[in-house]
2 protein chains.
Amino acid sequence: MDVHGRDLRYFVAVAEELHFTRAAERLFISQPALSKQIQMLERTLGVALFDRSAKDVRLTEAGAAFLPQAHKVLAAWDRAWQTIEKSKRTQAASLTVGMSTSVGRDGLLPAIRSRFSEQLPEARITLRQVGWEDPTAGLADGSSAAAFVWLPLPDARRFQWAVIVQEPMVVALPARHALAGSKAIDFEELVAEPFLALPKSAGPLRDYWLAVEQRRGQPPLIGAEITSPDETYEFIVEGRGVCLLAIGNAPSLTRGGVVTRRVRGLPPCQLALAWRRDAENPLVRAYVAAAREVTRDSRAG
Amino acid sequence: MDVHGRDLRYFVAVAEELHFTRAAERLFISQPALSKQIQMLERTLGVALFDRSAKDVRLTEAGAAFLPQAHKVLAAWDRAWQTIEKSKRTQAASLTVGMSTSVGRDGLLPAIRSRFSEQLPEARITLRQVGWEDPTAGLADGSSAAAFVWLPLPDARRFQWAVIVQEPMVVALPARHALAGSKAIDFEELVAEPFLALPKSAGPLRDYWLAVEQRRGQPPLIGAEITSPDETYEFIVEGRGVCLLAIGNAPSLTRGGVVTRRVRGLPPCQLALAWRRDAENPLVRAYVAAAREVTRDSRAG
DNA sequence: TGCGACCATAACCATCGGTTATGGATGTCC
DNA sequence: GGACATCCATAACCGATGGTTATGGTCGCA
């Protein structure tokens, strides 16, 4: 019923050469192959395209009528192909960066972006918010080529990362909580509190933010599961539990009714820029380099 | 490198349904076949056209850009196909009628044509002059669908015919020939003359116009071979030979220096309208019917 | 936790699209 | 006129393509 694009090229070649052997070598195929394909085309169209009298080949009336149409189809194909090439190019020049929470931290993202754009001015960066169910912020399923993540990463051998920020932890409490009066809190004082936890799918990161390692075998009490800052805020206000977080993220929770306090006795947490070990991507490399330069400058400054 | 038109239809179907299973049944193929073809298309284009996340299918950026282009290619194909259909229709409505010499004979052709056009007003008749090397006037190689021929036909079982005209023979002589003075000539008086003969490829027709059967075993003397009326005229004027012909064709030779005279002792010759036994063509049938009616009328009148 | 929906993969088979070798018709040259 | 060159068609064969059915894996849902 319908026809291979190649057959159109073949037809046009023969129509232009009016010579099967020459057309065949122009197309880099054998003459019998070309003869057979043209016959096949004629059969599916139900009409002869060429008159092959001995010693010369001519277009039939139908063939002559078909030729310009075939050209138009091929031209349309050409344009279609070009749009594909174009979107491949823009895709090759776009980088999707995932993040689980806002990275914030004093203009870090804009600084990286501008440093990156100096190197690759025509590249396009897309920032992507990814829910907390995925601790890799889209790296795992390929929807991000790079991502800002909290260590430790699950399935760590698939990824590489550069640590961007290292920060002390704070705890977010209801403003009327008994411990809210203290300037700083020992983690010991929190072990009996109900905690808000990341979803199970977050893997080792869930345990990390529950500070399981610092509980000496005592399992944490889970007040609720959280998948977004808003949810977290609401749960804390409701008194469903407390929650550890990096000090740099404290602003996202400290609205009315919630306070954050320094916690002693916990190691600092690490925000990293991570990428897939298997994806050799120059954009990723450039973005990572930009991030490294920015953080080095900011430490120096 | 290039793509089957079918793949475009497949792509468009999936893009419209955004559902492989439904698209597959709309296309009357199995779902795995469709999946595989789309994957193949994506591979040859070098870009993903669809995002298949679990539970829903979406166009990628490249796919969305490609979709309208694909529509355009298919539309161009549609138009190409329509021109093919159109030329098939006009071809199905055209009849090529071959003839070896002018048929002439008092408006016979126009009469047949007008009678034919009453029946099939949209049909188109093309008259074709065929050289004398082919006694079937193009029937044998298919370049004519019907033809005016002189009997007997070579390879007669391939053809059918209707006798249109039956006429006495005349002989064409140089005007200064010894026999030119007679009103009519016995064939006996001509047997020693050199004759102009049709080419060998004319088969039995050559012998027929040499009246070999009336020579009682004496082989004819061949003065020259002829393939057109002009050639014949020239040879006769030059005295290279004489030539039998139907009385109805006499006007084509009786110019200065050539005369035609009735010949006694020869059977009348028969002009027939012939067609291929294997070609079932309503146009041919109508043309033959028209010819029969015209000749019946002209006999009656 | 089993089930249904849905896309992908596997295994298999006919047809397609290519190859080389050969045939047959035609025009050419000695 | 016969050997030869040219050129398109056919034959025989082979790997790739495009379809089938059966099955797997993942996700949403009751």
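Every chain is numbered from 1, with letters handed out A, B, ... down the list of sequences.
Remark: B/F11 pairs with B/F50, B/F66 by the ring-ring contact (aromatic ring centres under 6.0 Å, His included) rule, at least two apart or across chains. Contacts of B/R240 classified as side-chain hydrogen bond (donor to acceptor under 3.5 Å, both in side chains), with partners at least two apart in sequence or in another chain: none. In this structure B/D2 satisfies the side-chain hydrogen bond (donor to acceptor under 3.5 Å, both in side chains) test together with A/R9, sequence neighbours excluded. The side-chain hydrogen bond (donor to acceptor under 3.5 Å, both in side chains) test applied to B/D207 returns no partner, not counting sequence neighbours.
Pairing each heavy atom of A/L139 with each of A/S144, the nearest pair is CD2-O, 3.5 Å. For the residue pair B/L205 and B/L151, the shortest heavy atom distance occurs at CD1-O, 3.6 Å.
DNA chain D lies under 4.0 Å from no heavy atom of any residue of residues 7-15 of chain A. For the segment residues 25-37 of chain A, residues with any heavy atom less than 4.0 angstrom from an atom of DNA chain D are, sorted by number, A/Q31, A/P32, A/S35.
The CG-C1' distance, from A/L41 to C/dC16, rounds to 14 Å in whole Å. If you measure from atom CG of A/D51 to atom P of D/dC8, you get 13 Å, rounded to the nearest angstrom. Atom pair B/F50:CZ and C/dC6:P shows a separation of 16 Å (rounding to whole Å applied). For the pair A/E17 CD and D/dC7 C1', the computed distance is 14 Å after rounding to whole Å. Look at CD on A/Q39: it is 5 Å from P on D/dT10, rounded to the nearest Å. For A/R58 and D/dC8, the CZ to C1' distance is 15 Å, given to the nearest whole Å. Rounded to a whole Å, the CG atom of A/D2 is 13 Å from the C1' atom of D/dG18. Counting to the nearest Å, the C1' atom of D/dT17 and the CZ atom of B/R43 are 11 Å from each other.
With rounding to the nearest 0.5 angstrom, the SG atom of A/C243 is 4.0 Å from the CD1 atom of A/I226.
Within 4.0 Å of B/H4, counting heavy atoms only, lies no atom of the nucleic acid at all.
Relative to the six-membered ring of B/F195, B/R215 meets both conditions, a distance below 6.0 Å and an angle of at most 45° to the axis.
Phosphate proximity of D/dC7 to A/R52: absent, as no side-chain N or O sits under 4.0 Å from OP1 or OP2. Proximity of B/T21 to the phosphate of C/dA5: no side-chain N or O atom is located under 4.0 Å from OP1 or OP2.
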>> Between B/E61 and A/R124, does the salt bridge (Lys or Arg N to Asp or Glu O under 4.0 Å) criterion hold? Intermediate values first, please.
In response: CA-CA 14 Å; B/E61 220 169 298; A/R124 199 180 61 178; 3.6 Å; yes

